[in-house]
Amino acid sequence: MSLSVFNTLGNRKEPFVPIVPGKVRMYVCGVTVYDLCHIGHARANVSFDIIVRYLRYAGYEVRYVRNFTDIDDKILRRANQEGIPFDAVTKKYIEAFHADFDRLGLLRPEAEPKATEHIREIVTLTERLVRAGKAYAVNGDVYYSVKSFPEYGKLSGKHVEDLLSGARVDVDERKEDPLDFALWKASRPGEPSWDSPWGPGRPGWHIECSAMSMKHLGETFDIHGGGKDLVFPHHENEIAQSEAATGRPFARYWLHNGFVNINNEKMSKSLGNFFTLRDVLGRVKPEALRFFFASSHYRSPIDYSEQSLAEAKAGLDRLYRVKEKAESCRAAGAIPAPLPEGEGYSPLAEAPGRFAEAMDDDFNTAAALGHLFDAVRAMNRIAPSDPASERERAGQFLAGYDLLDPLFAVLGLLRTGATEYFRGGLDSAHAGGVPFTGSLASELELVPAGRLPEGEILRRIEARKAARARKDYAEADRIRKELETAAVLLEDGKAGTTWKYRE
RNA sequence: GGCGGCAUAGCCAAGUGGUAAGGCAGAGGACUGCAAAUCCUUUAUCCCCCGGUUCGAAUCCGGGUGCCGCCUCCA
């Protein structure tokens, strides 16, 4: 089985064959940095994060590039509102982007190019198009001539005639044709500007991605990704510019993620129905959000709700319980042992193969997760209730977990210690992308406000243990209930009593 | 108006010709002093509706209904 991907260019699933065997060059359109990211941005970024992780897992050497659009009208407007320079706005929101997405555990791309740092490349590319007669300058602006590119519309499936009759294209006297779009915009007084052969100005939106992707990945590369809303006009225009300039195919595979909806409607800034990532990460663990995204296919729309998040969290808890047991096996000194034979255990033994088969089918994370849950059931069947005394089972369990962990890693799940997961707060889960270990977290006293500190919990567990020993179950239950009120769950097992915070 | 997508149990969600994964929630059983977790069993005679193709369709074709997206900044 080999990887197939759904290519927007051609609107069908096709085998993935990289230009250079074993290597993948991939460009993903990032965000315009004028505000905090919302859940829709999170979905897009997590989707491509998982795609990169899987490609690497599958053995490809991936060069991943994701840009920041750091000059545009919205940024200038924001700068005016706040009375600060435009690059103070972009600096602030790039930092916010990194802070938020580090918490989500996103891989950093090999390059994160910014438009303002590629003015030279943008101007060069624009000149190239002008020289080729594919673009024209008018009063300091430069426009791309859409009708000079016969294949215009091949990505989005649109026809030039239909676009014109749609009448929603803006009428601009300076353009030769209403469909033409700006490669370079003359700057107005007071606006930031860069020198160019056409006078001071700044780049249009679409040209930056062509210039930056070519610089960092070459004129033809493997994968270009982004949200579905970028298909037209952004990506269509990128193709037109790039291919008209180079005479060569631009990106081979165009991957687009579906939207996050609220009540079945697209979440977006312009509709005002969005939740910022920061806000959501203040309420749920980052991995619960990842789980939520991974539980449906990246191209499908996904409806965001408190209930969905709660279900994701419940599912993630089930996975973390397996990791928790694996940790206790390891702590008990278990040595990985061959997995048990038998049909009941085949979902575990075959998990890597089934996982890969699902992921090879256009990164079907929902199916892949399904197989992981099958494996988890098999794991729970061999789980020792007391790792210290059940050496054989503890070893098998550990081996099983070691088999599954790399698969969870592809989805970016189970990246924290289980103890930290169950006992840590939302804020201590990650700091700068580095997860704290349980002991470090408690050393730093990262106990969420209003929670009982660990020492106090352990004292009460001891008191309850004594009560149970003298069969004073009324007192034991009183302590359990008391802790329950403080959101602490006690779990009695053969190896003793453990505890976790319940949200 | 043009183009595209979706419709699977109470909820979420896989499944593109061979007789309905998985998760959450629910029910019964096991285990447990209690609880939690876990395991076992169970929960869609059927995949929006109507036709058609086929030995056989949730899956293909035609028609219909509903919802969504793009065509303007947008992940």
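All chains are named by letter (A, B, ...) in the order of the sequence lines, taking the proteins before the strands, and each is independently numbered beginning at 1.
For A/S385 and B/C39, the shortest distance from a side-chain N or O to OP1 or OP2 is not below 4.0 Å. Phosphate proximity of B/U38 to A/R318: present, with a side-chain N or O under 4.0 Å from OP1 or OP2.
Here the C1' atom of nucleotide B/U38 and the OH atom of A/Y320 are 20 Å apart, to the nearest Å. For the pair A/F408 CZ and B/G23 C1', the interatomic distance rounds to 13 Å; values are reported in whole Å. For the pair A/F292 CZ and B/G22 P, the computed distance is 22 Å after rounding to whole Å. For A/W254 and B/A75, the CH2 to C1' distance is 15 Å, given to the nearest whole Å.
A donor-acceptor contact under 3.5 Å links the side chain of A/D492 to the base of B/C34. Between the side chain of A/D477 and the base of B/G33 there is at least one donor-acceptor pair of N/O atoms closer than 3.5 Å.
In this structure, A/F373 does not count as stacked on the base of B/G22 under the 5.5 Å centre distance and 30° plane angle limits.
Taking the six-membered ring where the residue is Trp, the centroids of A/F68 and A/H98 are separated by under 6.0 Å.
Between the P atoms of B/G56 and B/A9, the separation comes to 26 Å (whole Å). Rounded to whole Å, the separation between the C1' atoms of B/C39 and B/C11 comes to 25 Å.
Of all nucleotides present, none satisfies the Watson-Crick or G-U wobble test against B/G17 with each distance under 3.5 Å.
Taking 4.0 Å as the cut-off between side-chain N and carboxylate O, A/E475 and A/R478 count as a salt-bridged pair. Residues A/R354 and A/E357 are not paired through a salt bridge, judged by the lack of any N-O separation under 4.0 Å between the basic side chain and the carboxylate.
Nearer the 5' end of RNA chain B, as judged by each residue's closest nucleotide, is the contact made by A/R299, out of A/L230 and A/R299. Residue whose closest nucleotide on RNA chain B sits further toward the 5' end, between A/N380 and A/A474: A/A474.
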